[in-house]
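In what follows, a structure is listed as structure tokens, so that the remarks can point back to it.
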Amino acid sequence: MKIDSIELREIRLPLVHFFETSFGRTTQRRIMLVRACEADGAEGWGECTAGEGPFYSEEWIDGAWSVIEQFLAPMVLGREVESAAQVCALMKRVRGHRMAKAAIETACWDLEAKRLGVPLWRHLGGVRREIPCGVSIGIQERIEDLFAKVEEELAAGYQRIKIKIKPGWDVETVARLRERFPDIRLMVDANSAYTLADAPLLRALDQHRLMMIEQPLAYDDMFDHARLQAQIETPICLDESIRSSEDARKAIELGACRIINLKLGRVGGHAEAKKVEQACREGNVPVWCGGMLESGIGRAHNIAMATLEGFTLPGDVSASERYWEEDIIDPPVEVTSCGTIVVRDDPGIGYEIKRSRIERLTVRRAILRAEG
Ligand code: NPQ
Ligand code: MG
């Protein structure tokens with residue numbers, strides 16, 4: 001494989017409903033899309049999952065755009081590699097910037113699968129044709145709004161409910177939700193809103209039979225999570241803290257978590273995600289696919305990844321209509337009445353790119369080519 005050009009685009013997509021976490025509220029996504037092309041016109045698409053600002057992690061769209069233009073694209077363009085699995089090695093000299101790297105790397109995987117005429121999920125080594133789905137429900141203004149949202153998602157068939165928590169919207173909220181829905185599969189995600197000093201508060205969640213508490217402590221911590229896990233019964237799930245398979249191995253060995261949320265962008269692409277999945281399988285730690293409010297392109301990559309063997313729990317990958325009036329892929333991602341997504345068998349990511357819609361939504365564009 002030799003990438004001849006990389007096209008970057010920024011599109012703006014308003015969310016159907018605002019999404020609020022402990023780090024802020026999002027109403028519109030600014031999404032960077034990557035199109036990687038070979039000289040003969042073969043192409044693949046990827047999405048950068050960085051946020052609008054450096055609040056979920058250090059990365060954000062403008063930083064990712066800049067590091068791709070100045071450093072990552074020049075390292076990849078015109079360089080011959082055996083396969084998409086080797087693309088991350090070309091960018092190794094750049095430290096961090098995993099979401100930016102993943103945007104390029106995942107586009108190369110789509111391209112390679114399309115060239116081979118196979119669906120990406122098979123090319124990655126996936127083992128299931130249907131993936132279990134949950135939903136992530138943001139912080140609401142009133143508990144009644146939360147009840148209504150949960151009713152709606154259960155009616156749609158989703159297999160588990162995750163709610164975002166923050167100080168002031170935590171123990172009482174969970175208690176009332178549990179009282180109203182005694183038997184549902186329920187979990188919470190704090191996005192690093194607490195410290196070890198909050199252990200008593202987090203321990204109070206034990207009585208509500210949660211599947212897990214996601215990332216309660218600092219985004220870059222493992223040590224305190226291990227101490228917290230020793231003090232509570234509910235399994236801790238790490239999200240922000242897991243940036244590589246090495247991180248996964250260390251977190252498991254430390255006892256910092258019993259479950260891992262795996263996100264393609266956060267670990268730098270499909271090749272590293274496969275390694276994380278393997279480390280978790282070897283450590284008997286279940287993984288599930290997280291979400292970053294992706295457009296259809298990022299969503300399709302998530303679906304392919306979630307067909308790997310270790311993905312045994314319902315993920316945050318849900319239907320396009322929960323996020324967008326109209327997606328940029330065709331058909332949109334749909335969820336069955338039993339809360340699953342059926343994987344598609346078309347080559348690559350398996351969905352058609354809505355080019356004219358993307359063109360209309362584009363607010364910024366750059367085409368990068370090999371020098372000389
Ligand atoms: C999580 N996602 O699991 C993330 C957090 C998140 C679906 O819960 C812009 C970019 C907005 C990234 C909102 C879900 C975001 C974002 C939330 C990530 O922690
Ligand atoms: Mg999370």
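Just so you know, ligand 1 is whichever comes first in the structure, and atom 1 is the first atom listed for that ligand. Please read these numbers as outputs of a predicted model, since none were measured by experiment. Here, residue 1 is the first one in the sequence, and each next residue gets the next number.
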(request) Using only N, O or S atoms, tell me which atom of Asp189 is closest to the Mg ion (ligand 2). (result) OD2
(message) Please report whether ligand 1 has a polar contact with Ser136, defined as an N or O pair separated by less than 3.5 Å (distance criterion only).
(response) yes
(request) Just jot down the ligand 1 atoms closer than 4.0 angstrom to any heavy atom of Gly291, in number order. (result) 2 (N), 4 (C), 7 (C), 14 (C)
(message) For a quick check under 3.5 Å, do Ser83 and Gln86 share a side-chain donor-acceptor pair by atom type?
(response) yes
(request) Check ligand 1 against Glu214 and write out every atom of the ligand that is under 4.0 Å from a heavy-atom position of the residue. (result) 3 (O)
(request) Give the intermediate values and the outcome of side chain to side chain contact (heavy atoms under 4.5 Å, CB included) for residues His225 and Ser241. (result) CA-CA 10 Å; His225 278 101; Ser241 299; 4.3 Å; yes
(message) Taking side chain to side chain contact (heavy atoms under 4.5 Å, CB included) as the definition, give me every residue that meets it alongside Leu196, ordered by chain and number, with sequence neighbours left out.
(response) Leu217, Asp224, Arg227, Leu228, Gln231
(message) So, regarding Thr26 and ligand 1 (criterion: nitrogen or oxygen to nitrogen or oxygen, under 3.5 Å), is there a contact or not?
(response) no
(request) Determine whether Leu15 and Thr26 make a side-chain contact, defined as any pair of heavy atoms from C-beta on separated by less than 4.5 Å. (result) yes
(request) Check each atom of ligand 1 against the heavy atoms of Asp189 and keep those under 4.0 Å away; list them by number with element. (result) 1 (C), 3 (O), 19 (O)
(message) List ligand 1 atoms under 4.0 Å from Asp239, heavy atoms only on the residue side.
(response) 1 (C), 3 (O), 19 (O)
(message) Taking 4.0 Å as the limit for heavy-atom contacts, which would you say applies to Phe23 with ligand 1: side chain only, backbone only, both, or neither?
(response) side chain
(request) Please identify which atoms of ligand 1 are closer than 4.0 Å to at least one heavy atom of Thr21. (result) 17 (C)
(request) Considering heavy atoms of the protein only, find what lies nearest to atom 18 (C) of ligand 1 and give residue, atom and distance to 0.1 Å. (result) Met292 SD, 3.6 Å
(request) Measure from NZ or CZ of Arg299 to the centre of the six-membered ring of Tyr323 and say whether it is under 6.0 Å with the direction within 45° of the ring axis. (result) yes
(request) Tell me, please, if Glu214 has any N/O/S atom, main chain or side chain, under 2.8 Å from the Mg ion (ligand 2)? (result) yes
(message) Counting C-beta onward and ignoring hydrogens, is there a side-chain heavy-atom pair between Leu186 and Arg160 closer than 4.5 Å?
(response) no
(request) Identify whether the distance between the nearest side-chain nitrogen and carboxylate oxygen of Arg12 and Glu10 falls below 4.0 Å. (result) yes
(request) Measuring from the Mg ion (ligand 2), name the closest N, O or S atom belonging to Asp239. (result) OD2
(message) Please classify the Gln215 to ligand 1 contact at 4.0 Å (heavy-atom distances, strictly less than): side chain, backbone, both or neither.
(response) neither
(request) Could you tell me whether the Mg ion (ligand 2) has an N, O or S atom of Glu240 under 2.8 Å away? (result) no
(message) As a test of understanding, state which of Lys164, Arg258, Lys162 forms a salt bridge (charged side-chain N to carboxylate O under 4.0 Å, His left out) with Glu214.
(response) Lys162
(request) Could you tell me whether some N/O pair between Thr49 and ligand 1 is separated by less than 3.5 angstrom? (result) no
(message) Show the atoms of ligand 1 that are less than 4.0 angstrom away from any heavy atom in Gly51.
(response) 10 (C)
(request) If you have a sec, work out which protein heavy atom is nearest atom 19 (O) of ligand 1 and how many Å separate them, to one decimal? (result) Asn191 ND2, 2.7 Å
(message) Within ligand 1, which atoms have a heavy atom of Glu52 less than 4.0 Å away?
(response) 9 (C)
(request) Compare all side-chain heavy atoms of Leu313 with those of Val287 and state whether any distance is below 4.5 angstrom. (result) no
(request) Return the orientation label for the His301 and His270 ring planes: parallel under 30°, perpendicular over 60°, tilted otherwise. (result) tilted
(message) Less than 4.5 Å apart, side chain to side chain, heavy atoms only: is that true for Leu368 and Ile68?
(response) yes
(message) Is there a polar contact, in the sense of an N or O pair closer than 3.5 Å, between Lys263 and ligand 1?
(response) yes
(request) Report yes or no: is the cationic atom of Arg128 (NZ for Lys, CZ for Arg) closer than 6.0 Å to the six-membered ring centre of Phe311, at no more than 45° off its axis? (result) no
